[in-house]
Amino acid sequence: MLAEMIERLLDRHLDDGAQGRARSGEWLPELWAEVEEMGLPLALLTEDQGGFGLSFAEAGEALRLLGRHAMPLPVAETMAANQLLANAGLPLAEGPAGLARGDHLSVTQGSLKGTIERIAWGEQLDCLALAVGDCLYRVPRSGWSVVEAGSALNFHPRPALAIDWTIDAEAALPYCPLAAGATVRAYQIAGALEACLDLTLEHTATRVQFGKPLQKNQVVQHELAKLAGELACATAAADLAGEALARGDLNGVAAGSLRAREAAGNGAAIATQMHGAIGFTREHRLHLYTTSLWTWRDEFGGQVMWAKLLGRAALAAGGDGYWPMVTSL
């Protein structure tokens, strides 16, 4: 039922005009108001915490739908931030929220200071779930200012925020916000790849060259099979990351996140190639998904950080422990 509600909401609001406004940096207040009215920012919380109490599969489906529709607002980030804040016993966000880690920030004399780079829709957020060391801080909007505008590859705002906040809300860190962010991005990647596959199947079935649809070409069929394979891998990888996050296993998050990010790059390349020159244009809907895939692939640690974490774990396991480590993921 929740999936159907999300589908109807996004179908109603996310036409090409709305996507274009978001890509020029415009906030979509009507869409956000309906997202809040639906309760989606609280969807990952248990019923005791005031949320939906979704099963693992239901939560994953909701996050994949946000990717399938290239949701231009920080809904997934807010869902993950509220889950983290609730698990830490801190107040929930009263609007859109962000996730960040800032071990380089200074914590002196009861104040938190420093700069956080590339926060999605930073100027519009109500609060940040910000980790420094083993502490989680709920930093309100009054605790930062925008010091540098920026945008992601999908053209959505990613400003740098200067934090200058007198600490009044902190707790022990339940788990790393980068792990939460990487997990929701893995689900969004799987959803966006599903949209890419649908668009590519439609294009190759209707585009005619040399008297027959592109899809009748054996080479094209091979590429479509590869794209479907990347979607299957991303879907399984997102589920792996989600299960690992639930049990506090960073190695599992790293493995799932890495495979989903690899699928993002491979899948975007195949879909773009199958569309030809039109796939590069902003006028074609494929562009919504390929640019989002490239953006999400590089956020919340990126491939390098998670690859290093997994590599260090493999080295620490040694020859005798390597295979048991792999099979436990």
Side-chain angles (χ1 to χ4, degrees), residues 1-16 18-19 22-23 28 30-45 51-83 96-97 99 120-121 154 156 180-202 227-228 230-243 245 256-257 260-261 263-264 267-268 271 285-293 295-297 299-300:
M1 181 179 294
L2 178 62
E4 293 176 1
M5 292 170 60
I6 296 172
E7 285 276 12
R8 288 197 298 269
L9 171 65
L10 300 185
D11 285 341
R12 188 166 64 250
H13 282 281
L14 279 183
D15 57 16
D16 290 345
Q19 291 283 12
R23 288 183 167 231
L28 304 178
E30 297 86 0
L31 175 56
W32 182 262
E34 289 213 33
V35 164
E36 283 198 315
E37 185 178 353
M38 184 185 291
L40 204 51
L42 306 179
L44 300 185
L45 276 61
F52 290 3
L54 298 180
S55 69
F56 176 80
E58 291 169 333
E61 184 179 15
L63 289 166
R64 277 192 292 270
L65 281 173
L66 297 179
R68 181 173 172 77
H69 287 269
M71 167 59 83
L73 301 183
V75 178
E77 294 92 322
T78 304
M79 293 165 67
N82 275 327
Q83 185 183 47
L99 288 161
W121 295 95
N154 62 1
H156 297 163
T183 299
V184 298
R185 287 292 187 252
Y187 281 114
Q188 288 177 281
I189 285 170
L193 282 173
E194 185 179 359
C196 284
L197 178 60
D198 288 347
L199 287 171
T200 306
L201 287 170
E202 179 184 2
L227 179 54
E230 294 296 344
L231 168 58
C233 287
T235 302
D239 287 340
L240 169 61
E243 291 171 352
L245 181 68
S257 174
R261 290 165 195 253
R285 286 190 65 83
L286 181 69
H287 199 257
L288 294 174
Y289 303 104
T290 53
T291 56
S292 293
L293 287 168
T295 297
W296 298 335
R297 177 187 61 184
E299 293 187 320
F300 294 113

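All residue numbers refer to positions in the sequence shown, counting from 1. Quick caveat, the model's predicted, so the values are computed rather than measured.
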Contact check, side chains of [X] and [Y], non-hydrogen atoms, under 4.5 Å:
X    : Y    : value
V75  : W32  : yes
M5   : L40  : no
N154 : L288 : no
L2   : E61  : no
H287 : R23  : yes
L197 : E230 : no

So which atom in [X] and which in [Y] form the shortest heavy-atom distance, rounded to 0.1 Å?
X    : Y    : answer
P72  : L28  : CG-CD1, 4.0 Å
L245 : A180 : CD2-CA, 3.9 Å
A268 : L293 : CB-CD1, 4.0 Å
A62  : I6   : CB-CD1, 3.8 Å
L231 : A190 : CD1-O, 3.3 Å
L193 : G267 : CD2-CA, 3.7 Å

Hey, what do you get for [atom1] ([X]) to [atom2] ([Y]), rounding to the nearest 0.5 Å?
X    : Y    : atom1 : atom2 : result
L42  : Q83  : CG    : CD    : 11.5 Å
S257 : I189 : OG    : CD1   : 7.0 Å
H156 : L73  : NE2   : CG    : 8.0 Å
L14  : L9   : CG    : CG    : 7.5 Å
Y187 : T235 : OH    : OG1   : 10.0 Å
F52  : M38  : CZ    : CE    : 8.0 Å

request  = Kindly say whether G191 contributes a backbone atom to a donor-acceptor pair with the side chain of R68 at under 3.5 angstrom?
outcome  = no

task = Have a look at H13 and tell me which of E34, R8, H69 forms a side-chain hydrogen bond (donor to acceptor under 3.5 Å, both in side chains) with it.
result = E34

task = Test D239 against R64 for salt bridge (Lys or Arg N to Asp or Glu O under 4.0 Å), laying out the working first.
result = CA-CA 11 Å; D239 287 340; R64 277 192 292 270; 3.5 Å; yes

